[in-house]
Amino acid sequence: MSQNDRTSWDVTNWTRRDDAMVEEAIRRGASRRDLLRLLAASGVAMAAGSAIMTRATAAFAATPKKGGSITAAGWSSSTADTLDPAKASLSTDYVRCCSFYNRLTFLDEKAAVQMELAESVESDDAKTWKITLRPDVTFHDGKTLTTDDVIYSLQRHKDESVGSKANAMAQQMETFKKVDDRVLEIVLSAPNADLPIILSLHHFMIIADGTTDFTTANGTGAFKCETFEPGVKSVGVRNESYWKENLPYLDSIEFIAIPDETARVNALLSGDIALAAMVNPRSIRRLETIDTVTLSKTTSGNYTNLNVRLDMAPGDKKDFVDGLKYLVNREVIARSVMRDLAVIANDQPVSPNDRYYNEDLKPKDYDPEKAKKLFEKAGVLGQSIPIVASTAATSSIDMAMVVQQAGAEIGMPFEVQRVPSDGYWSNYWLKAPVHFGNINPRPTPDILFSLLYTSDAPWNESRYQSEKFDKMLVEARGTLDEAKRKEIYDEMQVMVSEDAGTIIPVWIANVDALSSKLKGLQPNPLGGMMGYAFAEYVWLDD
Amino acid sequence: MKALAASARRRTGFHINTVGTIGAAIVLFWIVIAICAPLLVPYPVGKIVDFDFFGPMSQKFWLGTDYLGRDILSRILMGARYTVGIAFAAVSLACFVGVALGMIAAVVGGFFDTALSRFLDALNAIPSLMFGLVVVAGVGSSIPVLIMTLALIYAPGSYRFARSLAANTNTMDFVTVARARGEGTVYIIREEILPNIIGPVLADFGLRFVFIVLLLSGLSFLGLGVQPPNADWGGLVRENLAGLPYGAPAVIFPSIAIASLTISVNMLIDNLPTRIRDRSA
Amino acid sequence: MGNIVEIRDLAVAAKTDSGRVVDIIKGVDIEVAEGEVVALIGESGSGKTTIALTLLGYTRPGCRITRGKVLVAGRDMVAMSEAERQHVRGQQVAYVPQSAAAAFDPSQTIMEQVVEVSRIHQLMPPEDARRKAVDLFRALSLPNPETIGARYPHQVSGGQLQRLAAAMALIGDPEVMVFDEPTTALDVTTQIEVLRAFKSVIADRNMAGIYVSHDLAVVAQIADRIVVLKGGEVQEVAETEKIVHTPQHAYTKELIAAFHPVERAPADPRAMAQRNAILEVKNLSAGYGPTGSDSQPSFLALKDVTFRLAAGESLGIIGESGSGKSTLARVISGLLPQSSGSVTFEGRELAKSVSGRSREELRKMQIVFQLADTALNPNRPVRAILGRPLTFYHGVRGRQREAEVDRLLDMVRLPAALKHRLPSELSGGQKQRVNLARALAAKPELILCDEITSALDTVVAAAILKLLDELQRELGLSYMFISHDLSTVEAICDEVVVMYQGEKVEEMPTNRMKSGAEHPYSRLLISSVPQLDTNWLDRLEQDNELMQAVAGR
Amino acid sequence: MNSMIAGLIIRRVGIMLVSLVIVAFAVFAATELLPGDVAQILLGQSATPEAVAGLRKAMHLDQPAILRFGHWLGGLVTGDFGRSYANNRDVADLISGRLVNSLKLGAVTTLFSVPLSLFLGVTAAMFRGSFYDRLVSVFTVTVISVPEFMVATLAVLIFAVYLGWLPALSFANEVHGLGELLRVYAMPVITLSFVVSAQMIRMTRAAVIDTINTPYVEMALLKGATRRRMVMRHALPNALGPIANAMALSLSYLLGGVIIVETIFNYPGVAKLMVDAVATRDLPLIQTCAMLFCLSYLLLILIADVVAIASNPRLRQ
C-alpha cells in the first residue's frame with residue numbers, strides 16, 4: 001500500500017505520535033544544560049541539507065501579494081477534529097490551530113526557536129522561568145492578551161478531564177504565578193532548559209481565559225474562524241487586526257481533508273483546491289508534466305523501520321536479526337516502494353543531513369545468501385515468521401512484501417500480517433515480535449537515542465540493552481568538544497546499526513502538491529505544509 | 001395447452017442458450033484459473049520484476065506491471081483464488097444458513113418464524129459495508145473473518161428469499177399430504193420443500209455471489225481484505241488506482257476481471273439451463 | 001345466410017420449452033353463419049381455445065399461425081397488420097374470458113374497464129358509453145345496474161363478474177362473440193343465471209358466436225351447432241340435437257357415454273346401520289383466524305356437523321364453493337384442529353391434530369386431493385412418491401419396496417414402466433391414479449377423496465370413478481367423497497350429505513337425491529345440474545328468491 | 001382506506017420500535033467488543049494510564065456498559081441523542097448538517113434514478129425480447145458488475161480532470177442556483193445512480209412482465225388496446241406494489257451505503273460520519289447513525305407498503 005493510504009477513520013497518525021515523542025524526548029532531556037544550544041545548532045545543519053524545493057524555489061524571490069482565497073486539503077480528518085489545542089491530534093487540527101491561534105514560541109524553518117506571543121522567555125536556573133508577553137495583542141473577540149490567558153491555556157493541560165495530549169508534558173509545570181498583566185513565572189518540578197521548545201508545541205496554543213467551548217476558535221491568530229464542522233471543513237477569514245505586520249496575505253482560507261490520495265490529486269488538478277498535502281510518489285510522474293502544479297518536497301529524518309524484538313523469539317537469536325538486515329533490499333525499497341523519493345539508510349536513526357551523521361557507516365548490502373546462512377545458523381530457516389505491518393506506518397506493507405518476497409526466494413517464509421491502522425500504535429507497535437514503526441525527525445541524536453535506544457527508553461522498539469551505550473549517551477551530553485562528541489555519536493551509530501533490532505532501510509521524503517499560483521510555501525523540517533503553519537505565509541500570484 | 005406443455009417437458013435434459021453458455025464458460029474459466037493459479041503464474045506474485053511501475057503490456061509482462069513493478073498477470077491469476085474462493089465460500093455459507101433457517105421458519109411457523117424474521121429484518125437495516133467495516137476493524141482482516149462477515153451480511157437476504165419460497169411450497173398439497181401422513185419436519189424440509197425451491201435458490205445464489213464479489217472489492221477499497229502479498233481483484237484495483245490517469249493496465253485488467261466474473265455469473269443465472277427454470281416455475 | 005366466420009385449413013404451431021416446434025392445430029375448417037352459435041367442444045389440449053382466439057387474430061405467446069385463413073366478415077385476421085387487428089378486436093369480434101375474476105384488472109373500477117373498448121376505438125363519448133353500459137347491465141339482469149360499475153372487481157361475485165365480462169364484450173356491438181368456457185369456474189346454481197343472460201342477449205342481438213366448452217350439457221343449452229375437437233383436429237360437426245342424440249363419431253359417443261354414469265346400486269340402509277361405523281363425526285365445528293372468547297375461531301367454516309360412515313360404504317359430501325366441505329376433510333384428517341366436537345375412527349376418538357395421532361391411526365385414514373398437479377411433488381419420480389408411504393408405514397425397503405410399487409401401479413391400472421417418470425411427465429388421469437395409489441400404499445381403511453375428479457376431463461373422470469368402485473370391492477375400502485359434481489357422487493356413493501355455508505342441511509341415500517330431497521337448498525342444487533337436453537334450461541323452473549340468495553353470496 | 005393505512009402505520013411503527021431497539025443493542029454490543037476505547041484512542045500514544053483513567057471518569061466511561069446503554073436509550077426517549085465522546089458536541093448538532101447533506105444527495109439521486117429506472121424497466125418489459133430489451137439488460141448487468149469506486153474515479157478523471165466540466169469534489173453547502181446544484185451533484189449522483197438503478201430496472205422489468213402475463217392484460221389486448229395502453233394502463237398500475245418494494249430496498253442504500261462515494265467526492269454525509277464514529281468508538285454517535293439508517297430503511301419499506309396498498313383496491317379494504 002502506498003504512503004498516503006490514510007483513510008478517514010485512521011485517527012492515529014504519525015503527527016500526533018510524533019509530537020508525543022518530541023514531548024517525551026524533551027521531557028526526558030530536561031537535566032541537560034546545553035540542549036537548547038545543540039538544538040539550534042543541529043537544526044541549522046539539518047534544514048540546510050534537507051529542504052529541497054523543485055519549481056517552488058522560484059517563488060522565494062517574488063513579492064507577496066494580498067488578497068484572494070484558497071481551499072487547501074490535508075489527508076485526514078474525522079469527527080474527532082477539534083479546535084481545542086489540547087486535544088489536537090491530526091495534521092488537520094494543527095493547521096487549524098496554527099491559523100486561529102498563536103503559541104508563545106515557535107520553531108522556524110531552520111528549527112530555531114523564535115518568539116511569537118512571548119517577547120522573552122528567560123531563566124537563570126532552568127527551573128524558574130519568567131515569560132514576558134508581547135504588548136497589544138488582541139483576541140478575535142477584541143479582548144487583550146494577558147497573563148491570565150496564558151496561565152489558563154497552560155494550566156488546563158494538567159487537568160485529566162480535559163484529555164490533553166500534552167498532559168504528561170504539562171505536569172512538570174508545577175506552579176504558575178502572575179507577576180503582572182504581561183509577565184508570568186512558571187516554576188518547573190525539575191530544571192529543564194527546553195521549556196522554550198516545549199512551549200512551541202502545537203498543543204500549547206494560547207486561548208482566552210475561561211474558554212471551554214471549542215465549537216469556534218477565539219485566538220490571536222492570523223485568521224478568524226468563520227465556520228468549523230468537524231470531519232468536514234473549517235473556513236478562516238483574515239484577522240484584520242493581526243499583530244504580525246502585513247500578515248496574513250490571504251483573505252480567507254478553507255481547510256478540508258480528502259483522505260483518498262487519488263481524489264486529493266484530482267481535486268488539485270481540477271482546480272477545486274490549491275494545495276494537496278502529501279501526494280503519493282506514484283502521482284508525481286503525472287504531476288510533473290502539468291504546468292499548473294508545483295511540488296514541494298522535503299527530505300527529513302522521517303523513516304519507517306522494521307523492528308525485531310531482541311527479548312523474544314525469533315529476535316533473541318542474533319543471527320536472525322543480522323540475517324534480516326541482509327535480506328532487506330534497500331535499493332528496491334527506495335526505488336520501487338518509494339519511487340526514489342527516499343535516501344538509503346543504514347539502520348540507525350541519525351539522518352545524513354545531521355552533522356553527527358557517521359559517513360563511514362555504510363548500509364548493508366542485499367545479500368540473500370548470507371542471510372540464508374545466518375538464518376540457518378539461527379535455526380529459523382523455513383519457519384514461518386509473522387511480520388506485522390499496517391497503513392499506519394507509512395509504506396510498511398510494501399516494505400514487508402519486499403522482505404517477504406526476498407525471504408520466499410531463500411526458503412524463508414515470512415507471513416505478512418496487515419492489521420488495521422486503527423489502534424495500530426497501541427496494539428501492535430512495540431508489542432509484536434517483528435513489526436514496523438514509523439519515526440519522525442528529531443532535532444538531535446541525543447533525543448533520538450534517549451527516546452529510542454537507551455535501556456530505559458520509553459520507545460525502545462527492539463528492546464536494545466547496552467550499559468555501554470547508556471553511558472556513552474550521558475558522556476556525549478556533557479561533552480562540549482564537538483569532535484569528541486562526533487566521535488562518540490559515530491560509535492553509537494555503529495552500535496545501533498550492528499546490534500539493535502531496528503532495521504531502517506530508507507529516509508522518506510514528503511511531497512506536497514500545490515497550484516503554481518500559490519506562493520510562499522517553504523519546506524519546514526518539522527513536517528509538510530510548512531510545519532502546518534503555511535496559512536499565514538502563503539499568497540496567491542496571478 | 002396442458003398436454004402440449006407436458007409433452008414438451010417429456011423431452012428433458014438440460015437446454016441452455018448461447019448467452020448462458022458463454023456465461024457458464026467464463027465462470028468455469030475463472031474457477032479453473034482459481035484452482036490451477038499456482039501452476040500458471042509466470043512470476044511469483046510478490047516479486048518485483050520490473051524497474052518501472054505501472055508498466056505497459058509487453059512480451060515479458062503480458063498485462064503490464066503494478067505500482068511496485070510486479071507482474072499483473074500473475075497477480076490476477078492468484079487473485080482469482082481469493083475473489084472466487086472467498087465469494088464462493090461466503091455465499092455458500094450465507095445461502096446454507098439463510099436457506100436452512102428460511103425453510104425451518106416457513107415450515108415451523110409461529111413464534112419462531114416471527115421472532116427470527118423480525119430479528120433478521122432488523123439486521124438487514126444496517127448498511128452492509130458499514131457492518132463489514134465495524135467487524136473487520138474489530139477483529140482484524142483474515143480470510144475466515146472476511147468469509148464470516150460477508151456471509152453474515154448476506155444471510156438475512158437469503159433467509160427472506162428462501163422463506164417466502166418455502167412458505168409458498170409449504171401450502172402445496174403434496175406437503176399437506178406428507179404432513180397428514182405424519183412425516184416429521186426434517187423430512188418435509190429435506191424431501192418435499194428443498195427440491196422444489198432449489199432452482200430459484202440457485203439463481204439467488206448467483207446474484208448474491210455477484211454482490212459479494214462487489215462488496216469484497218468495496219472492502220478492499222477501504223483497505224480491508226486479503227493479506228499481502230496476495231490481493232483479491234478489488235484489492236488490485238484499489239492498490240493500483242493511482243495508475244488510472246496513466247491508463248495503466250494494472251488497474252484496467254483487474255477491473256475487467258471483476259466485471260467479467262460478475263457479468264458472466266449474471267448471464268448464467270439469467271439464462272439458467274431450462275430444466276432448472278422449469279422447477280422454479 | 002352467409003358465413004360471418006370462416007376458418008379454412010388453420011394450423012397453429014407452438015414452440016415447446018426445449019425449443020421444438022409442434023403443431024397444436026392441424027388444419028381445421030369451421031364456419032359460423034350470421035346469428036349462429038357454434039360450440040367448440042373437447043377435452044383439455046384439444047385446441048378449442050386456441051382456435052377461438054385466432055378469431056381475434058391472436059395466439060398465446062409461443063404459438064404461431066402457420067397456415068390457413070381466419071375470415072371474419074370476409075377479412076383475413078391472419079394476413080392483417082397488427083394495427084388492423086387492434087381495430088377489429090373489441091369492435092367486430094369480442095371475447096368473453098373463462099375466468100372473469102382474472103380477466104378484470106384488479107386496480108380499476110368495473111365501469112372503466114367495461115367502457116374501455118369504446119374509449120380505445122373512440123366509438124362514442126364517455127357519457128354515452130356509460131349509459132350504454134348501464135343498459136347492458138340491466139339486459140344481463142345484473143343487480144343495481146346503476147351503481148355496480150363503480151365497484152372494483154373483487155367487490156362483486158363470480159357470477160356477476162362473468163356477466164359483466166359479457167357486458168364488456170358487448171359494448172362495442174361486435175358481430176361475433178367468442179365465449180371461452182365462460183361458466184366453467186362457476187357453481188352450478190350461479191351458472192344457470194349466467195347461461196340465461198348470455199342466451200337472451202345473443203338472441204336479442206342476433207349475434208354470431210363461438211362457444212368454447214368441455215361441458216356438453218352446458219353447450220347443449222346455447223349452441224346451434226357443435227364442433228367436436230380432439231388433438232387439434234375436428235372429429236365431428238353437427239347440429240346440437242344430432243350430437244346429443246345420435247352421435248356418429250366414436251369419440252363423440254364416448255363423450256356422451258361419460259355423461260351417463262352407471263348408477264350405483266345403493267346399499268341396503270338397514271345393513272348399513274348394522275355395520276360398524278368406521279367414522280363418526282359429532283357436532284364438529286372448525287374455522288380460521290384468531291380464537292375468540294367463546295373459544296371459537298373468528299371465521300367458522302364448519303358449524304356443528306354430525307354424520308356417520310359405515311365400514312365399506314361410501315359417503316358423498318356435496319356443496320358449492322364455500323360450503324365447508326374441504327374444511328371437513330382437513331379436520332377429519334387432523335390437518336386443521338377442530339374448535340369443538342369430535343371425530344371417532346373405528347370406535348376411538350382421534351386427537352385433534354396429526355401430531356397427536358398414532359402412526360397406525362394415520363395409516364388407516366388417507367386423504368387424496370383434488371389437483372394431482374399440486375398433490376404430487378414435481379421433483380420426485382413416481383416410485384419415490386409411492387415408495388415413501390411404504391417405507392414410512394410398513395418399513396418396506398429395497399427390492400420388496402420396488403415390487404410393492406409395481407403392485408400398486410398395477411392396482412390403479414398403470415404400467416410399471418411409469419414409475420421412473422416425474423409427475424410432470426404424466427397425463428392428468430395418470431397423475432390422479434398415482435395420487436390414489438399413494439393413498440393405497442398405506443393400506444388404509446378409509447380414503448378421504450377431496451374433489452378428485454373435478455379437474456379431469458369427463459372421460460378420464462369416469463374411468464377414475466370406475467377404478468374407485470373396483471378398489472372398494474377388492475379391498476373393502478370406505479370412502480368419504482367430497483364433490484360439487486352431483487353426477488360423480490351419484491356414481492360412487494351410497495349416502496349423500498348436502499352442505500351449505502358450513503352446515504349440513506340434509507342427508508339422504510343417493511338414489512333419493514333427485515326425487516326425495518327435502519331441504520330447499522338441496523332441491524335447488526340438484527335441479528341446477530345441467531342435463532344433456534337442449535331444452536333443459538328453458539324448461540327449468542326454480543325458486544327465484546332462493547336462487548338470488550344463493551347467487552348473491 | 002384511511003383507517004386501513006393508519007392501522008398499518010401504527011403496526012409498522014410498533015415493529016420499527018422493536019427493530020430499532022434490536023439494532024441499537026446489536027450495534028452497542030458490537031462496539032463494546034471492539035478493542036480499545038474512546039479515551040485511549042483520543043489520547044493516543046501520549047496516553048498515560050492516569051490520563052486515560054481521568055478522561056474515562058470525566059466521560060463516564062467507567063460506568064458499566066449496560067448502564068451507559070440504558071442511559072443513552074433513556075435520553076433518546078426524551079429526544080436527547082447524547083453528546084459525542086470524541087468532541088463533546090451534541091450528537092444532534094453533529095448529525096443534523098450531515099443528514100441534510102445525505103438527504104439532499106439521496107433526494108437528487110432518487111429524483112434522477114427512479115424515473116430513469118421506471119422508464120427503462122417499463123419500456124424494456126414492453127418490448128420484451130427485442131434488441132432494445134437486450135440492450136437495457138446488458139446495460140444493467142454491466143452496471144451491476146462494475147465496482148462503484150471505478151465508476152466514481154473514472155467519472156472524476158474524465159469530467160473533472162480532463163474535460164474540466166464538473167468539480168471533482170462535492171460540497172453540499174453554499175450552492176446557489178439550480179445550475180450550480182446540478183454541476184455539484186452531477187458526479188456523485190451519476191455514480192450512485194449507477195449503483196442503485198440497475199437493481200431497480202431489473203425489478204421493474206420483472207414486475208411489469210409478471211403483470212403483462214396476467215389474463216387481464218391479455219384481455220386488454222383482446223379489447224384492441226395498443227401495447228402502450230396495455231402496459232401503462234393495466235400492467236404498470238398492478239406492478240406498482242412490487243416495484244415500490246424493490247425501489248425501497250435499493251434506495252435504502254443511499255443513506256448508509258454510500259461511504260465509497262462520500263470518500264471519493266469528499267462529500268460530508270452521514271455514512272462517513274458513522275465510519276469516523278466507529279474509528280473513535282464514539283458510541284452515542286455510532287448508535288444514533290445506526291438508528292438513523294435503520295429508521296430510514298424501515299420508513300422506505302413503510303412507504304413501499306403504503307404505495308402497494310394505495311395502488312391495490314383489494315388491499316385497501
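Residue numbers start from 1 in every chain, and the chains themselves are labelled A, B, ... in the order their sequence lines are given, proteins ahead of strands. Just so it is clear, the model here is predicted, and its values are computed rather than measured.
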Over all heavy atoms of both residues, which pair between A:Ala277 and A:Gly74 is shortest? Give the atoms and the distance, please.
CB-CA, 4.2 Å

With under 30° as parallel and over 60° as perpendicular, where do the rings of A:Tyr94 and A:His203 fit, or are they tilted in between?
perpendicular

Please classify the contact between D:Leu163 and chain A as side chain, backbone, both or neither, with a heavy-atom cut-off of under 4.5 Å.
neither

Counting N and O atoms only, with roles assigned by atom type, does the side chain of A:Thr292 sit under 3.5 Å from a partner on the main chain of A:Ser515, one being a donor and the other an acceptor?
no

Within the side chain of A:Arg96, is there an N or O that forms a donor-acceptor pair under 3.5 Å with the backbone of A:Leu83?
no

Turns out that what part of A:Thr215 lies under 4.5 Å from chain D's heavy atoms comes down to both

Under a 4.5 Å heavy-atom cut-off, does chain D meet the side chain of A:Ala257, its backbone, both or neither?
backbone

